[in-house]
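Worksheet: one structure, shown below.
Here is how names work: the chains are called A, B, and so on, in the same order as the sequence lines, proteins then strands, and each is numbered from 1. Bear in mind that the values here come from a model prediction, so they are computed numbers and not experimental data.
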Amino acid sequence: MELDLGPEIAQFRADIRAWITTHAPDGLAELADWNTLITTGGYGYGRRTAATQHEAYRQWEAELLAARLICPQWPEQFGGQGMDAVRVAVFNEELDSAGVPRVNRGMGESLVGPSVIVHGTDEQRAAFLPRIVSGEDVYCQGFSEPGTGSDLAGLQTKGVVDGDEIVITGQKLWTSGAARANKMFVLCRTDPDAEKHAGISFVLIDFTDPAVSYQPVRQMSGAAEFCEDFLDGVRAPLFNVIGGLNNGWRVAMTTLGYERGGSASTLHLGYEREFWELAQTARKRGVSADPLVRQQLAWAYSQVQLMRFSGLRTLAGLAEGRQPGPEASISKLFWSEYHKRLGEIAIGIEGTDGLIRPDGDGYPTTYWQNVFLSSRAGTIYSGTSEIQRNIIAERALKLPREPRPTANGASR
Amino acid sequence: MELDLGPEIAQFRADIRAWITTHAPDGLAELADWNTLITTGGYGYGRRTAATQHEAYRQWEAELLAARLICPQWPEQFGGQGMDAVRVAVFNEELDSAGVPRVNRGMGESLVGPSVIVHGTDEQRAAFLPRIVSGEDVYCQGFSEPGTGSDLAGLQTKGVVDGDEIVITGQKLWTSGAARANKMFVLCRTDPDAEKHAGISFVLIDFTDPAVSYQPVRQMSGAAEFCEDFLDGVRAPLFNVIGGLNNGWRVAMTTLGYERGGSASTLHLGYEREFWELAQTARKRGVSADPLVRQQLAWAYSQVQLMRFSGLRTLAGLAEGRQPGPEASISKLFWSEYHKRLGEIAIGIEGTDGLIRPDGDGYPTTYWQNVFLSSRAGTIYSGTSEIQRNIIAERALKLPREPRPTANGASR
Amino acid sequence: MILGVSAEQEELRASVRRFLADRAPIPVVRELMDTTDGFDPAVWRQAGDQLGLQGIAIPEEYGGSGFSFAEQAIVLEELGAALYGGPYLASAVLAAGALLASGDEAARKAYLPGIASGETIATVAFTEEDGSWEPDAVRLAAAELDAGDGWRLDGRKSFVLDGHTANLVLVVARTGAHLALFAVDAGAPGLTRTPLPTLDQTRKLARLDFESVPAVLIGTPEDGAAVLSRVLDVAAIAQGAEQLGGAQRALDMAVEYAKVRYQFGRPIGSFQAIKHRCADLLLEVESLRSAVQYAAAAVAEDSAEVPVVASLVKAYASDVYFHVAGENIQIHGGIGFTWEHDAHLYFKRAKASELFLGDASYHRERLATRIGI
Amino acid sequence: MILGVSAEQEELRASVRRFLADRAPIPVVRELMDTTDGFDPAVWRQAGDQLGLQGIAIPEEYGGSGFSFAEQAIVLEELGAALYGGPYLASAVLAAGALLASGDEAARKAYLPGIASGETIATVAFTEEDGSWEPDAVRLAAAELDAGDGWRLDGRKSFVLDGHTANLVLVVARTGAHLALFAVDAGAPGLTRTPLPTLDQTRKLARLDFESVPAVLIGTPEDGAAVLSRVLDVAAIAQGAEQLGGAQRALDMAVEYAKVRYQFGRPIGSFQAIKHRCADLLLEVESLRSAVQYAAAAVAEDSAEVPVVASLVKAYASDVYFHVAGENIQIHGGIGFTWEHDAHLYFKRAKASELFLGDASYHRERLATRIGI
């Protein structure tokens with residue numbers, strides 16, 4: 001059943017569908033399975049990346065750019081069209097059903113842009129935003145460090161003001177897309193004497209600077225999607241500090257309200273395709289009549305549908321003007337725990353065959369082996385399941401926070 | 001396989017087996033299924049209690065008493081025979097295989113006796129211990145209160161010294177066996193200004209005193225095994241304070257080292273009988289070929305056997321002179337969580353029939369309905385599963401304690 | 001599909017909740033659960049007269065108010081939250097649904113107005129002594145007398161929801177190789193009704209014995225299986241809505257208690273052992289809410305997805321409600337397992353709701369079949 | 001039955017642990033796991049010469065040291081804890097066990113002394129391409145040549161533990177309606193051995209293709225199924241001992257890290273989310289330890305309980321090890337899922353151990369059958 005979001009949205013859907021039909025280059029949909037789930041660790045990542053080098057993709061990018069359909073949720077004056085979450089969701093749904101990709105600008109679009117829009121000066125907006133929309137600047141994130149995990153505010157990277165420059169020294173970790181980035185947005189400690197969350201600044205740096213080096217961190221799945229980065233006295237003009245010195249924590253916590261929820265109704269799509277693949281695997285292995293396997297498959301199907309139902313409900317709420325609440329944390333907890341369990345089910349369905357990997361150098365894996373291995377990271381990165389449960393309990397249920405450790409308490 | 005505990009124990013086993021054969025009255029074993037599991041809430045409790053009124057039982061009690069086989073783990077000078085845990089276990093095993101009951105003195109035997117032996121004066125030992133062994137004094141426990149749960153030390157019952165007496169006022173909860181008891185061992189706060197764990201005293205009171213009243217607390221299973229008790233200025237001589245005023249916490253925490261573990265190797269017996277009953281129920285209901293039910297039954301059987309294996313290992317360790325570590329908490333967590341899950345499996349096997357109770361006044365239940373309902377209490381009383389996990393983590397794994405809340409912390 | 005919650009629906013929810021808080025609060029539920037009938041006829045009538053609850057999803061032409069199942073799901077959610085013990089699911093969902101699903105216009109006209117007003121209490125009798133929820137398991141026999149003399153039923157039904165208080169029983173019976181639906185008057189000769197003591201005392205069941213009981217055929221002698229299949233799917237979703245309501249209430253109880261119960265100088269809800277569990281429960285209840293809303297919309301639109309979402313919802317709702325109700329007891333500690341505390345009422349309802357209409361694994365197996373695995 | 005741990009056994013455990021820490025620590029395991037053979041022959045020889053590990057449970061008359069399976073279980077536990085990649089399970093458990101279980105005195109005398117010293121590396125090949133662990137699934141055919149000329153094998157084996165590094169392969173093959181065990185020299189004509197890339201790189205598997213390969217019959221042409229059944233039960237318990245060792249080590253890692261890793265000003269082990277999980281894991285590992293000790297004693301005494309405890313242990317050990325290894329990653333957070341950290345090596349071994357010899361639900365089903373349900 002398709003969600004009825006009222007006549008205006010129905011018209012928008014019809015328009016965007018027509019636009020896609022008219023403008024999507026021939027052959028683009030066939031270049032790659034654009035909307036399959038790419039699990040962290042990047043199984044299938046190479047093939048899709050190759051497809052983005054194709055002429056049809058470049059042409060599509062140009063069409064989208066001309067129609068302000070890149071960063072479409074950004075306000076018009078910054079290159080977007082101020083699309084609300086419901087329209088973003090419909091846009092995503094229509095791209096998916098046409099089998100063509102959404103061209104997005106990664107963290108530049110989802111994190112840097114909103115931070116600059118909300119906290120930047122007009123000069124900063126003019127300097128940084130257009131280059132994100134155009135694709136000139138590709139950002140990677142410099143938040144996590146070896147010593148910080150769930151406790152991001154414990155970061156140690158130093159930022160020292162030197163004249164009209166800031167000099168940044170420290171080590172960052174879990175940077176994805178480092179190889180494709182020419183910029184990094186960094187959190188650094190600019191006031192070591194301030195309380196933990198104060199004294200942090202949000203700075204945009206040149207990731208091609210010689211004082212920057214990075215190396216891949218290999219994951220248990222064999223892939224190396226993340227990097228660790230060494231910032232050895234990287235200099236940036238003070239102009240690149242967003243939101244003012246020592247105000248970085250607030251800046252980092254920014255997301256634009258109207259952006260949230262735009263992917264709610266398309267999140268399940270990749271999982272749904274994957275589910276049917278698994279059902280097919282079970283049939284091929286002759287275990288689809290096994291009552292235990294059937295229970296597992298029915299469970300997995302239910303979870304995927306629950307994601308769909310929840311996404312539609314979120315979307316319906318957005319259409320009625322409700323702001324999303326703890327859905328983001330619930331959704332993260334849901335899909336990451338689901339996918340971890342799905343990996344276990346899948347490797348069980350592979351059975352004895354799951355013991356054997358494909359031939360090849362390095363550590364190549366089958367699709368299901370990769371899901372099994374890489375999904376373990378899903379409950380850790382972007383806020384562990386434990387952190388999500390804290391957020392859900394404290395923000396949605398208003399349960400009390402942990403007491404702070406006392407100076408002479410057990411935490412010593 | 002029978003555990004080989006060396007020639008001395010083998011001889012002890014042969015002796016005790018012969019003694020039981022000679023002394024157990026005819027017909028005793030047939031009076032009741034003495035060693036079935038009686039779940040809290042007392043399903044089958046009435047029948048067994050009735051059997052203890054029988055002449056054969058009284059005769060058996062007298063035989064055991066004469067042979068110092070009541071409280072046999074107590075030192076000789078206090079009426080026992082200083083039996084070590086291995087011998088206690090063998091004694092329990094042999095009673096079980098003969099189908100006759102161990103006559104025990106409940107909390108008088110397991111808690112009051114050890115406390116008096118360790119912390120009492122010679123005069124107190126002489127006054128209180130023989131009456132426990134003989135059965136003259138039957139104790140119930142006055143520890144928990146409505147405001148205390150896991151946090152026992154938060155108790156509020158007051159004990160005020162008045163000349164050579166102590167006057168106790170307060171409310172106690174979760175007292176089992178109140179109707180059979182003529183004495184209660186009470187924890188009360190005798191120094192309200194002291195730190196929480198200090199200022200508590202351990203007092204033996206007359207439970208038939210007119211200042212004592214109690215009423216049953218009905219459980220969700222329909223049974224009323226516990227009582228709440230009102231102590232309205234109960235007086236006891238200061239002689240009845242064990243271990244000295246304000247030293248009650250230490251006294252309450254006492255158990256005699258050599259007593260622990262004596263039930264390790266017999267704990268599983270009731271669960272094992274119950275398991276086979278459930279297997280029989282599954283067969284009768286025609287679901288024993290259902291692969292899902294078979295998985296559940298195999299799981300349940302495994303859990304019961306794991307209790308057996310763990311008990312034997314504990315016993316072997318005791319025989320080699322090792323002191324038990326966190327086994328008590330692990331065992332409590334294990335059997336209570338097992339039984340809760342077993343209740344769910346059983347009610348699932350009853351299926352639609354599980355919706356219907358037997359006819360009768362009150363809230364009579366089938367055996368499996370009772371397991372299903374009453375087992376929910378098992379993970380709460382005698383230390384919740386959460387408390388057991390704390391104990392296991394802190395004592396066995398040496399994981400750090402929670403920080404104490406600060407005065408201005410989140411606990412306000 | 002319309003998934004949002006309209007202002008009108010919010011008002012409906014609020015008024016049902018007020019009504020139940022006023023006329024059927026938990027102390028009343030406790031009183032009534034010890035009775036054989038399990039409900040107060042005066043309150044039942046008021047629910048019909050003042051709020052029109054029984055007829056909410058019955059078309060206006062049959063005396064109802066013609067709202068959709070989306071509205072009825074809201075009513076069911078509130079009834080589930082309040083543990084209301086009256087024959088709503090039996091009459092307004094099962095029986096009304098069977099009549100609507102049947103092609104028998106005469107029967108609809110004859111029975112639906114009474115059901116819609118609440119004057120008629122109806123139920124559907126399909127399960128028999130073996131407790132199976134499969135249509136194939138129906139053995140109760142219907143025999144046609146000489147032309148025009150109607151039908152007679154012989155056999156036994158069990159686990160019939162409110163079977164002893166209904167005044168109209170719709171019976172699924174075997175007409176040779178086929179199943180058919182029959183209307184039986186509660187006072188019909190040869191019908192013996194025995195109330196059964198239930199695990200969940202707020203939900204009443206009965207055994208019905210039929211000895212040559214006169215019955216009126218509804219629809220055709222062959223279409224009982226199709227009607228039953230539709231009715232069971234809708235009933236599964238309706239029960240899912242009730243389960244959602246109960247689960248939400250049980251979670252609210254647990255969270256509330258976790259905030260006010262202090263142990264070791266802290267509210268127990270500040271301990272992660274409690275806190276993280278509550279977060280997991282919220283995730284489940286919220287997911288269930290999304291599923292019930294979707295499923296109710298699917299019923300309202302008569303979508304082809306109904307059979308799939310029915311089994312999905314029944315399985316998930318059963319797991320979630322039982323999980324929440326069990327954790328609610330554990331979080332409450334000692335008082336949580338007493339008779340006096342309400343936690344056990346939700347716990348028993350959760351298990352009874354799971355066992356009724358087939359448990360979670362039964363519905364997962366059906367779901368696998370229905371999605372073609 | 002003797003269940004206690006003797007001083008002699010403690011000494012054995014300590015010396016094996018020292019040996020592995022010295023000669024096969026994790027950095028060496030990582031080096032070797034990237035090789036095709038997966039082990040260092042020099043260390044393997046030392047294990048035989050200095051510690052007599054390969055022959056520990058082989059009777060003295062066949063060149064072993066004549067200890068019992070209780071001692072071998074301790075060795076296996078330490079090997080599992082160290083993720084040792086050599087062919088110990090294949091040679092000293094599977095192959096030695098098959099020879100001991102066979103009634104063939106000549107074969108025992110011929111092969112066991114070499115296995116006991118470590119000079120011979122043997123394995124048992126029984127699983128085929130379908131990955132089934134059921135004797136019935138064996139298709140590889142054995143044909144007898146003219147009298148006295150011996151047997152020839154044709155077919156394929158897969159998932160053969162250390163099948164490409166063994167110099168003696170004991171093959172389960174079909175002799176018409178029955179199964180029999182055959183000895184095949186690794187260099188025999190017609191035998192092609194293909195190492196397979198494994199999910200768990202510390203445990204090597206191979207595919208073996210037989211094209212008219214000359215083979216020597218062990219025992220009779222009919223007793224292969226009985227021998228195989230015994231061997232698989234003992235192997236399940238042996239693997240359970242390895243799994244115990246791995247689970248204990250993974251738990252130790254998690255607990256150690258939880259004590260030293262600070263977040264939010266506290267060691268993460270002081271948060272109940274971590275702490276209670278560790279407590280549950282300890283309960284499981286301790287229970288598994290009890291089960292493995294009991295099962296090892298049962299093998300040592302040739303108890304009739306072996307088939308039951310074998311499936312019980314394999315199912316439980318599989319669940320426990322995987323649970324611990326997974327939580328170990330989660331507790332370590334980000335570094336836990338990197339290649340550089342050792343957590344994934346245990347995680348992969350845990351899953352590989354579960355899948356090898358049949359997974360947990362397979363063994364629970366067997367257990368149900370074996371206890372008569």
Side-chain angles (χ1 to χ4, degrees), chain B residues 1-6 275-276 279-280 282-283 288-289 291 293-299 301-303 305-322 325-327 329-331 333-334 337 385-386 388-403, chain D residues 1-7 251-252 254-256 258-259 265-272 274-284 286-295 297-298 301 303-305 308-309 311-313 315-316 319 360-361 363-373:
Chain B
M1 292 184 294
E2 192 169 89
L3 200 58
D4 181 354
L5 297 162
F275 168 79
W276 290 114
Q280 192 54 29
R283 279 190 206 102
S288 62
V293 170
R294 294 171 68 78
Q295 288 286 316
Q296 291 168 343
L297 289 175
W299 175 85
Y301 179 81
S302 298
Q303 296 294 106
Q305 294 306 305
L306 289 167
M307 286 190 228
R308 177 165 74 98
F309 303 152
S310 294
L312 290 171
R313 180 167 150 239
T314 299
L315 196 59
L318 288 167
E320 287 169 4
R322 268 193 286 274
E327 283 91 342
S329 282
I330 290 179
S331 171
L333 184 58
F334 195 107
E337 294 290 340
S385 289
E386 290 72 29
Q388 304 301 344
R389 292 191 185 99
N390 269 346
I391 293 173
I392 294 166
E394 290 170 10
R395 300 201 191 150
L397 295 174
K398 311 288 180 215
L399 282 167
R401 301 170 64 90
E402 292 274 329
Chain D
M1 182 186 53
I2 296 190
L3 261 195
V5 182
S6 68
L251 174 59
D252 292 346
V255 169
E256 189 47 44
K259 289 176 186 171
R266 298 164 53 178
I268 60 170
S270 71
F271 289 102
Q272 286 185 340
I274 305 294
K275 184 175 193 165
H276 285 192
R277 226 177 286 189
C278 288
D280 283 335
L281 298 178
L282 180 69
L283 176 149
E284 292 178 16
E286 284 293 322
S287 301
L288 176 59
R289 182 173 297 285
S290 300
V292 166
Q293 274 187 21
Y294 187 92
E301 298 187 14
S303 156
E305 289 188 65
V308 165
V309 296
S311 277
L312 191 160
V313 162
Y316 192 65
D319 285 346
S361 41
H363 277 284
R364 274 194 294 270
E365 173 58 38
R366 278 162 79 89
L367 176 58
T369 302
R370 285 172 168 189
I371 62 174
I373 290 173

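- Between D:Leu282 and B:Ile392, the shortest heavy-atom distance links the atoms CD2-CG2, 3.6 Å.
- D:Arg364 places no side-chain N or O within donor-acceptor distance of the main-chain N or O of B:Ser302, the cut-off being under 3.5 Å.
- Residues D:Ala279 and B:Ala393 approach most closely at CB-N, 4.2 Å, considering heavy atoms.
- Residue contact with chain D, scored on non-hydrogen atoms closer than 4.5 Å, involves the side chain of B:Gln303 exclusively.
- B:Tyr301 has its side chain out of reach of D:Ile373: every pair of non-hydrogen atoms, C-beta onward, lies at least 4.5 Å apart.
- In this structure the side chain of B:Leu306 never reaches within 4.5 angstrom of the side chain of D:Tyr294, judged on heavy atoms.
- In this structure the side chain of B:Arg389 never reaches within 4.5 angstrom of the side chain of D:Gln272, judged on heavy atoms.
- Here the shortest heavy-atom pairing between D:Arg289 and B:Arg313 reads CD-NH2, 3.2 Å.
- Rounding to the nearest 0.5 angstrom, the gap separating the CG atom in B:Leu333 from the NE2 atom in D:His276 is 10.0 Å.
- Taking each heavy atom of B:Gln295 and D:Glu365 in turn, the nearest pair found is NE2-N, 3.7 Å.
- For a residue to count as touching a neighbouring chain, one of its non-hydrogen atoms must lie under 4.5 Å from one of that chain's; by this rule B:Glu320 touches chain D with the side chain only.
- To the nearest 0.5 Å, atoms CD (B:Glu386) and NZ (D:Lys275) are separated by 13.0 Å.
- For the residue pair D:Thr369 / B:Arg294, a side-chain donor-acceptor distance below 3.5 Å is found, with atom types taken as modelled.
- Between atom CD of residue B:Glu402 and atom CZ of residue D:Arg266 there is a gap of 5.0 Å, rounded to the nearest 0.5 Å.
- Chain D forms more heavy-atom pairs under 4.5 Å with one residue of B:Glu394, B:Gln305, B:Gln388, B:Glu337 than with any other, namely B:Glu394.
- The structure places CD of D:Glu256 at 11.0 Å from CG of B:Leu397, a figure rounded to the nearest 0.5 Å.
- Heavy atoms from other residues, nucleotides or ligands lying under 6.0 Å from CZ of B:Arg395 number 12 at most.
- No other option in B:Ser310, B:Ala282, B:Ala289 has as many heavy-atom pairs under 4.5 Å with chain D as B:Ser310.
- Two residues are said to be in side-chain contact when any heavy atoms from C-beta on lie closer than 4.5 Å; D:Asp319 and B:Trp299 fail this criterion.
- Across D:Leu283 and B:Ile330, no two heavy atoms sit closer than the pair CD1-O, 3.7 Å.
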Trace of the side chain to side chain contact (heavy atoms under 4.5 Å, CB included) decision for D:Val313 with B:Phe309: CA-CA 11 Å; D:Val313 162; B:Phe309 303 152; 5.6 Å; no
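- Only the side chain of D:Gln293 comes within contact range of chain B, with at least one heavy atom under 4.5 Å from a heavy atom of that chain.
- Looking at D:Ala295, there are no atoms closer than 4.5 Å to chain B (heavy atoms on both sides), in backbone or side chain.
- Side-chain contact between B:Leu297 and D:Leu367: absent, with no pair of heavy atoms (C-beta onward) separated by less than 4.5 Å.
- Contact record, D:Lys259 with B:Pro400: CG-CD, 4.4 Å, taken as the closest heavy-atom pair.
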